[in-house]
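As structure tokens, the structure follows; a few thoughts come after it.
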Amino acid sequence: MHQLPLPASASPPGLSGWSLDVLLDQPDKARGGSLPASSFLSGVIEGFYGRAWTHRQRIEMLDWIAQAGMNTFVYGPKDDIKIRARWRETYNAAEAAEIQELVDAARVRKLNFMVAIAPCLDVVYSDASDLEALKRRLDQLLELGVTHFALLFDDIPSTMMPADEKVFPSFAAAQCFFANAALDYLASKAPAVRMLFCPTEYCGAFTGRDVAGSAYLKTIGAELDPAIGVFWTGPDIVSSSIDADGLRELAQVIRRKPVIWENFYANDYDIRRVYAGPLGGRDTEILGLVDGFITNPNNEFEANFVPVRATGLFANGAQGEEAAFALALEAWQPRFKLAFIGETLSPKEVRLLAELFYQPFKCGPEVEDLLVTARWLLKQDRPNVRDPEWQAGHDALVEFRDRIRDLFHRMTELENRDLFYAFHPYLWEAREEVTHLVTYLDWLAGDPAPGAEFPHRDRIYNFYRQGFTVAVQELLPRDANGRYRHGR
Ligand code: GDL
């Protein structure tokens, strides 16, 4: 095992300007009495598919991470060509200059700056020239001052190239050999380095829901250098909850505490989603069972303010989803300044936005209530418009529609255009759909003849979400929960 002294930068840089203390219930206990443990990594991984953030946004993300009391940024966008597809290529001068700036900016903020390399698509583990290519990449990054590295082997089939099959007993053994060689090399060159490894089986679902029985993870546990941290996303890629028992079981198999790669706020897998709500389904009890908690959030940079704050609060042991949400919203509001007018959106407006685009498994509480009302209203075959309950429900929906419409208008005038564009397509759809819903209810209230066609003129039928993808989705026998069953 390598004794790798860690850089002094690993502890949270302090939580200025907002009251973490109020939420921290016995913070020292949150991680088994050692908060902040100097080796505990907390922060953000730019680890999604699709358009990567800009250099300017990455620098700002470093501020957000520091202000949220976290200590790490992982640079690893999947579609940065030199991270994955062309991992053997070194950075050119302009790219290297940007990395250098990020290294410096992270150092000033006392953050760890970690760079990912994902050789998994086409590496031949037994080919010495591939190991040399990796070393060239590591050399360049070391020269730029990078001390934290991640090797990613996610989202690939668990099969080996024929050349590797002759040399390694298993796919996992091949990856361990490669990662251990990389760590040996780094340790021979630099006094203080840290390395994380993303396994191919990085969640319970990928082990066939049998973590303890996974031959792949057992090999990782036995053969991966104990100094290398292992990423884990929980029971699923996007886990509705991550519980302590599951983490204990995993730690036994991989023989170390995992580092959570948190996909709660990731939205690269569905173009209709964006998340700005609190973190849910995780109890601070799990912090003592992991070596880090790193969130891979929305592609839209500006949508990530609340996710980063909420993650920071959680990673520092703060209890209470709603309390963390309220704090994060308060800190977010100043970003909603209107151009020319100078005022900002009201706290109520900012909360409405975040409640509409809340969490992967539910909307915000007020929005969920409105959905219950809407379902009830739609269930009435022949609505009794004189019934006070019907009227109250209808009025609530009308008011809700108006608030969403007004929010949309006000957002068009935001000084921060990226913030507006981050939410624009989502808010547009929300406004269209809720407007349509109210118009439809009003039509029902007029007691149309059975079978009559809704004569709404403003909306073009099948206006959006058409084309190949929708056609394919419609072919599949999907139920209301999105599960598939035998078609017949
Ligand atoms: C994944 C990818 C990640 C992606 C996320 C959400 C991991 C380890 N890898 O499978 O890059 O953003 O799901 O789609 O999570």
Side-chain angles (χ1 to χ4, degrees), residues 41 43-53 57-58 61 72-85 87 114-121 123 149-158 171-172 175 179 195-209 211 214 216-217 220 224 228-242 246-247 250 254 258-276 279-282 290-301 303-304 307-308 311 357 359-361 422 469 482:
L41 300 174
V44 172
I45 176 164
E46 183 184 349
F48 43 77
Y49 293 91
R51 182 183 287 277
W53 295 332
Q57 288 172 333
R58 280 182 200 119
M61 181 52 79
T72 300
F73 175 67
V74 187
Y75 172 62
K78 284 276 187 305
D79 293 312
D80 173 322
I81 194 161
K82 290 180 183 172
I83 284 180
R84 201 162 140 102
W87 64 272
M114 183 179 278
V115 177
I117 302 175
C120 47
L121 292 176
V123 62
F149 302 85
L151 273 189
L152 311 182
F153 296 95
D154 53 332
D155 297 354
I156 46 162
S158 301
F171 184 57
Q175 290 179 348
M195 198 167 128
L196 297 182
F197 169 93
C198 183
T200 303
E201 291 184 11
Y202 57 78
C203 61
F206 287 2
T207 67
R209 309 251 170 236
V211 169
S214 161
Y216 173 90
L217 289 180
I220 299 297
L224 189 69
I228 301 177
V230 175
F231 273 127
W232 184 251
T233 66
D236 292 286
I237 304 174
V238 181
S239 298
S240 56
S241 62
I242 299 180
L247 292 175
L250 173 70
I254 62 171
V259 172
I260 297 297
W261 171 313
E262 177 57 86
N263 280 328
F264 193 75
Y265 293 110
N267 73 339
D268 56 358
Y269 55 90
D270 185 347
I271 55 170
R272 293 184 103 149
R273 297 169 188 235
V274 67
Y275 304 114
L279 184 64
R282 283 100 178 109
V290 296
D291 262 351
F293 196 91
I294 300 183
T295 192
N296 173 39
N298 297 292
N299 287 48
E300 293 87 346
F301 174 80
N304 288 318
V308 173
T311 302
F357 310 110
Q359 293 177 339
F361 304 98
T469 312

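Whatever order the structure lists ligands and atoms in, that order sets their numbers, starting from 1. All residue numbers refer to positions in the sequence shown, counting from 1.
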Check each atom of ligand 1 against the heavy atoms of [X] and keep those under 4.0 Å away; list them by number with element.
X      : answer
Gly47  : 3 (C), 11 (O), 12 (O)
Cys198 : 8 (C)
Phe48  : 12 (O)
Ile237 : 1 (C), 10 (O), 13 (O)

**Request:** Please indicate whether Ile81 has more than 12 foreign heavy atoms, meaning atoms of other residues, nucleotides or ligands, lying under 6.0 Å from its CD1.
**Result:**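 Counting neighbours around CD1 of Ile81, 12 or fewer heavy atoms of other residues, nucleotides or ligands fall under 6.0 Å, so no.
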**Prompt:** With side chains defined as the heavy atoms from C-beta onward, is the minimum distance between Leu151 and Cys198 less than 4.5 Å?
**Reply:**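 When only atoms from C-beta onward are counted, Cys198 and Leu151 do not touch, as no gap falls below 4.5 Å.
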**Message:** Considering both backbone and side-chain atoms of Tyr202, is one of its nitrogen or oxygen atoms within less than 3.5 Å of a nitrogen or oxygen in ligand 1?
**Reply:**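 Between Tyr202 and ligand 1 (N or O atoms, distance only) the closest approach is under 3.5 Å.
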Does either side chain, that of [X] or that of [Y], offer a donor lying less than 3.5 Å from an acceptor on the other one?
X      : Y      : result
Asn296 : Asn263 : yes
Thr311 : Glu262 : no
Asp155 : Tyr49  : yes

**Item:** Arg209/Asp236 under salt bridge (Lys or Arg N to Asp or Glu O under 4.0 Å): CA gap, chis, key distance, verdict
**Value:** CA-CA 9 Å; Arg209 309 251 170 236; Asp236 292 286; 2.5 Å; yes
**Message:** Using a 4.0 Å heavy-atom cut-off, which part of Leu152 comes near ligand 1: side chain, backbone, both, or neither?
**Reply:**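 The answer is neither.
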**Item:** ligand 1 versus Phe231: contacting region, heavy-atom distance under 4.0 Å
**Value:**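 No part of Phe231 is near ligand 1 at this cut-off.
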**Message:** Counting non-hydrogen protein atoms only, what is the nearest one to atom 6 (C) of ligand 1? Give residue, atom name and distance.
**Reply:**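 Sorting protein heavy atoms by distance from atom 6 (C) of ligand 1 puts Asp268 OD1, 3.1 Å first.
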**Message:** Check whether Thr295 reaches the backbone of Phe264 with its side chain - one donor and one acceptor, N or O, closer than 3.5 Å.
**Reply:**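 No, the answer is negative, given that no donor and acceptor are paired below the 3.5 Å cut-off.
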**Prompt:** Heavy-atom distance to atom 15 (O) of ligand 1: which of Asp155, Asp236, Asn263 wins?
**Reply:**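 Minimum heavy-atom distance to atom 15 (O) of ligand 1 goes to Asn263.
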**Asked** Nearest to atom 8 (C) of ligand 1 by heavy atom, Val238, Asp154, Asn267: which?
**Response**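 Closest candidate by heavy-atom distance is Asp154.
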